[in-house]
Chemist: 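Just dropping this structure here.
Quantities reported herein were computed from a predicted structural model and do not represent experimental measurements.
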Amino acid sequence: MATWQTAVTAITFLTVLVLIMTEWVHLTVAALLGAMVLVFCHVLSLGEAISYIGRSYSTLALFFGVMVLVRAFEPTKIFEYWATQMVFFAQGQGKRLLLGVAGLTTVFTAFLPNATTVVLLAPLLPTLAEEIGVDFVPLLILMVISANSGSLLTLVGDPVTFIIGDAIGMSFTDYLWRLSLSGGVAMGTVLVMLPWLFPKTWRKQLTNLAQLPHPQVNHPFMLAAGGVVVLFVLVFFVVGEYLPVPMTPAAVALMGAALALLLAHNSKIDTVHNILQDVDWSTLIFFMSFFVLVGGLEKVGIIQRLSELMPQFLGNNIACNSLFILVMTGILSSLVPNIPLAVGMLALLKSYLVQEGWVSAAILQPGFRGDLPAEVLPLFFAMMLGCTLGGNGTLVGASANIVAAGVAEQHGRRISFRGFLLYGLPVMVAQLFTAGVFLLVRFFLLPV
């Protein structure tokens, strides 16, 4: 790859990040312009750009399917009803509301991908915030942070944990035994910080609960049939890939969307045109454009070169190496999408272990399913924690963050890069610290 193409790709990617951070240009426009610069400068052909989008088809299909599913049921007023019930459950107290949002999100994201959890639950927040008299944007940011943090509870909560876990042959139950507690530590860190992160909401007290509106659920038949569809989707999200004929979450989401459109059309509660018109196309286009930008970084070798810096800082002390990997991946994944970052660093970490004689060269073979020495596993665990928790740092750090930004815009508000940073950066720093303590205690000081 020519040097000028590498320079163009790096400058374009950094320029897009600057435009997003400074908010001089809408993040979707910035990403789309960046992707098109790479195509017009022949860093990528249009076919290659589309192929990089195609590699992430499952993410796009998943988001599109769940967006359609949620939008199809809006006329039933079920989201307004649930939001009101949450206010009553919190007894009008802001601190209970914050704890409820964090707790509900954590339960969902333990079994569903974090971005999917945000798509499903975010529609509750605008109405809920309006009824209790607080800004819904901080609640949405709390939901995102909780989704990213709680995803560490299980192997399937975040794509990165699954990718790395699969690469080292980690089973679902093995993850529960070794790393599930890290999700509890991450969420515990968030809960402790709630009074300082959201002081206005924490102190909020609503005394006139009796005067709250009591929205009535519309179209009960549609809602009952839709409940069956949602149950189908949730169940197959969890078990679909373990069936004799696997069903990916993306396929399940699209089937759910098709069934929801069928119900909406036949029940006449809304038109297919209106439902599809309200899909958050801005968020989907942002993801597609960013996939192209990352594809450019991958093609010119920038991601590989960044990953190759790692061995220069690693020594023979596994504990120190684990902490270094935790912090480095945390910082990088707050700026670079964590999935390609994890894939690139995973390959490099394996090569490093082979070079240092920790493992055999068999680990470099595709589909490796052998057992790794127990002493090197904390390096991979640190990468899992860093890539996941680093996503809380900035607006572009995780897919769930971008989804939340899209939901906010659909309800007339914006989550700015700086606004998210005020919440996300302190949480990321605190979580990387507590995750480091967890790694040291769990695998070095008191190994079990």
Chemist: I need the minimum non-hydrogen distance between Gly34 and Thr12, along with the two atoms involved.
Modeler: O-CG2, 3.5 Å

Chemist: Take a 6.0 Å sphere around CZ of Phe433 and say whether it holds more than 12 heavy atoms from other residues, nucleotides or ligands.
Modeler: no

Chemist: So which heavy atom on Met383 is nearest to which on Ile164, and how close?
Modeler: CG-CD1, 3.7 Å

Chemist: How far apart are the closest heavy atoms of Ala61 and Ala253, and which atoms are they?
Modeler: O-CB, 4.3 Å

Chemist: Give a yes or no on whether Met36 atom CE has more than 12 heavy-atom contacts from other residues, nucleotides or ligands under 6.0 Å away.
Modeler: yes

Chemist: Any donor-acceptor pair under 3.5 Å linking the side chain of Gln410 with the backbone of Asp278?
Modeler: yes

Chemist: Inspect the contact between Asp270 and Arg71 and indicate whether a charged nitrogen and a carboxylate oxygen are less than 4.0 angstrom apart.
Modeler: yes

Chemist: Determine, step by step, whether Asn401 and Asn148 satisfy the side chain to side chain contact (heavy atoms under 4.5 Å, CB included) criterion, reporting the C-alpha distance in whole Å, the side-chain angles of both residues, the deciding distance to 0.1 Å, and the verdict.
Modeler: CA-CA 9 Å; Asn401 308 10; Asn148 293 333; 3.1 Å; yes

Chemist: Inspect the surroundings of CZ in Phe381 and state if more than 12 heavy atoms from other residues, nucleotides or ligands are less than 6.0 Å away.
Modeler: yes

Chemist: Can you say whether the rings of Trp281 and Phe64 are parallel (under 30°), tilted (30 to 60°) or perpendicular (over 60°)?
Modeler: tilted

Chemist: Could you walk me through whether Glu48 and Val43 pass side chain to side chain contact (heavy atoms under 4.5 Å, CB included), step by step?
Modeler: CA-CA 9 Å; Glu48 287 175 323; Val43 175; over 6 Å; no

Chemist: Check the angle between the aromatic planes of His411 and Phe136 and answer parallel, tilted or perpendicular using the 30° and 60° thresholds.
Modeler: perpendicular

Chemist: Taking the ring of Phe290 and the ring of Phe13, is the distance between their centroids below 6.0 Å?
Modeler: yes

Chemist: I'd like to check Thr105 versus Val101 (side-chain heavy atoms, cut-off strictly below 4.5 Å). Are they in contact?
Modeler: yes

Chemist: Please report the C-alpha distance between Ser146 and Met187 in whole Å, then the side-chain angles of each, then the deciding distance to 0.1 Å, and finally whether the side chain to side chain contact (heavy atoms under 4.5 Å, CB included) criterion is met.
Modeler: CA-CA 7 Å; Ser146 301; Met187 278 308 304; 3.9 Å; yes

Chemist: Are the aromatic ring centres of Trp196 and Tyr423 under 6.0 angstrom apart?
Modeler: no

Chemist: Report yes if some heavy atom in the side chain of Leu297 is under 4.5 Å from a heavy atom in the side chain of Leu293; otherwise report no.
Modeler: no

